[in-house]
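Everything on this sheet refers to the single structure shown next.
So you know, we letter chains A, B, ... as the sequences are listed, proteins then strands, and number each from 1.
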There are 2 protein chains.
Amino acid sequence: MSEALARKPLSVASATGAAAFSPLYQQIKDLLVQALDRGDWKPGEAIPSETELALRFQVSQGTVRKAVDELASENLLIRRQGKGTFVSTHHEARVRFRFLRLAPNQGEPQPAESQILDCKRIRASAEIARALELKVGDSVVAIRRLLSFAGVPTVVDDIYLPGALFKGLTADLLNGYVGPLYGFFETEFGVSMVRAEEKLRAVNADSEMSVLLGIPQDTPMLKVDRISFTYADRPVELRMGHYVTDRYHYRNSLN
Amino acid sequence: MSEALARKPLSVASATGAAAFSPLYQQIKDLLVQALDRGDWKPGEAIPSETELALRFQVSQGTVRKAVDELASENLLIRRQGKGTFVSTHHEARVRFRFLRLAPNQGEPQPAESQILDCKRIRASAEIARALELKVGDSVVAIRRLLSFAGVPTVVDDIYLPGALFKGLTADLLNGYVGPLYGFFETEFGVSMVRAEEKLRAVNADSEMSVLLGIPQDTPMLKVDRISFTYADRPVELRMGHYVTDRYHYRNSLN
DNA sequence: AAGTGGTCTAGACCACGTT
DNA sequence: ACGTGGTCTAGACCACTTT
């Protein structure tokens, strides 16, 4: 809860103006995102009330409201009537299922069991460097993990993280943690995953996947390549997943 | 452009009230959706201005604005500054790519060529009846079509539509039409697709798919089962697609 | 100039949760 | 009783499009 929020250089678009001005609520939205990025308020914490923010920024409460509304619709913030507005956290089932799209063909989604198979430091390949906006050869943490549902191995994820952001991340640390990986990243490294882009393809299981998942070679699998972004749209995770989809499917909504 | 919009029985939540009241803007939103469902304004047409609607409903312009804002964020309406607010239509590339998620691994998305392989009347199976909320045995239109990108056969879709809504739909009609299928449904049958739920799995190509798509049998394919909904959240299409994903992938955003 | 949506304000009151 | 977000209003002015 720092007091470091900027005070006043906000300017509304002027009629005869020259350059591109943005609306007040957009400027406030940007300031709030910067504050979140700086970690002024941690995931799960309340941000200042709307009237408080209106005072700080010297705008009306309705203008703050519009900025917060948009951030809430983007799931960076969560409004709770009567209580306040809170920073989103992955330590909640509701948020988690936004990023774990695998659901059972029958029955309700169950929590997955995670098992870390490997965690090491590598040098960024061209592909990894491009995805994470690093330079080839930069330090990268490479994690391989197995997800099981109801004891059935179902997903192998290969995860690549910028070494600079995840200093001291080890297999031991990962294994000592229960709960969602993104929650772990949040509390242990201050990295909040806010948004992701995925590309899905069908592939055949190679011998490696066959062994890890206990399935015949050439079983059709869903391959999911994900790039995750944190507040300022900076990519901070490349994840390549192999999903077995006989008992589970990837659910999606088109709006 | 009917004048059939209800006039006044709107009531705001009263303090000592008994049952569950909904906010004014929600009631107006519901009325607007009903109007869209009735076809008061067709896709592509402008709806009345905010001030006009405020007059009709006897509420302030700001309240109408909030209702329209939400419908715009759900992509039922599109705002155009200075011009008006318009009913969404599938006769626009922007809308189309919301429902066609296949993108080339390299280069920009190209329009697909559609070829109708079959179009017939069948009786609803249990599966189809469940998906479309029909009774087993009800009349259903079954369409099979092939999508090609740059001449390469890539997608086979099996599409099932409620017969009652699509009277007179024939292969000839379909073949005489250029453009997106959902645009065709819109203009020819007044059925607007607004939202869809998809389930994705990896499967192997069977002999049928192998022949249709010119690929080896057992090629891994992406199977996409979709249920599409129109305004009042009524399911009006079941679509089962088989995608070849060597040169293309299914793109998705997690927010 | 006129009409549309877009932004901003100030104030009132309601609903919810906590003290 | 108080503080929070949620709704609603009325009015002013800006920005974009068309006449």
(message) I'd like to know whether A/Val95 forms a side-chain contact (heavy atoms from CB on, under 4.5 Å) with A/Glu92, so could you lay out the CA-CA distance, the side-chain angles of the two residues, the decisive distance to 0.1 Å, and finally the verdict.
(response) CA-CA 6 Å; A/Val95 177; A/Glu92 291 178 29; 4.2 Å; yes

(message) Just to be sure I understand the rule, does B/Gln81 reach a base, reach only the sugar-phosphate, or reach nothing, if contact means heavy atoms closer than 4.0 Å?
(response) base

Report yes if a side-chain nitrogen or oxygen of [X] is closer than 4.0 Å to either non-bridging phosphate oxygen (OP1 or OP2) of [N]; otherwise report no.
X: B/Thr85; N: C/dG5; answer: yes
X: B/Arg80; N: D/dC16; answer: no
X: A/Lys66; N: C/dC8; answer: no
X: B/Lys83; N: D/dT18; answer: yes

Expressed in angstrom and rounded to an integer, what is the separation of [X] atom [atom1] from [N] atom [atom2]?
X: B/Phe86; N: C/dT4; atom1: CZ; atom2: P; value: 11 Å
X: A/Phe57; N: C/dT7; atom1: CZ; atom2: P; value: 18 Å
X: B/Glu70; N: D/dG6; atom1: CD; atom2: P; value: 12 Å
X: A/Ile28; N: C/dC8; atom1: CD1; atom2: P; value: 8 Å
X: A/Ile78; N: D/dG5; atom1: CD1; atom2: P; value: 14 Å
X: B/Gln58; N: D/dT9; atom1: CD; atom2: C1'; value: 13 Å
X: A/Arg79; N: D/dT7; atom1: CZ; atom2: C1'; value: 12 Å
X: B/Tyr25; N: D/dT9; atom1: OH; atom2: C1'; value: 16 Å

Side chain of [X] only, heavy atoms from C-beta on: which candidate in [options] is closest?
X: B/Val59; options: D/dG6, D/dT9, D/dT7; answer: D/dT9
X: A/Arg65; options: C/dG6, D/dT9, D/dG5; answer: D/dG5
X: A/Glu50; options: C/dC8, D/dT9, D/dG6; answer: D/dG6
X: B/Ser49; options: C/dT4, C/dC8, D/dT9; answer: C/dT4
X: A/Ser60; options: C/dG5, C/dA10, D/dC8; answer: C/dA10

(request) Taking the side chain as every heavy atom from C-beta outward, state whether A/Leu254 and B/Glu198 have any pair of such atoms under 4.5 Å apart. (result) yes

(request) Return the orientation label for the A/Phe166 and A/Phe189 ring planes: parallel under 30°, perpendicular over 60°, tilted otherwise. (result) tilted

(request) Mind telling me whether B/His91 and B/Tyr177 have parallel, tilted or perpendicular rings, with 30° and 60° as the class edges? (result) tilted

(message) Quick check: closest heavy atoms across B/Ile28 and B/Ala67, and the distance to 0.1 Å?
(response) CG2-CB, 3.8 Å

(message) Using heavy-atom distances to pick each residue's nearest nucleotide on DNA chain D, tell me which of A/Ile47 and B/Val64 is more 5'.
(response) A/Ile47

(request) Select from A/Thr63 and A/Gly82 the residue whose nearest nucleotide in DNA chain C is closer to the 5' end of that strand. (result) A/Thr63

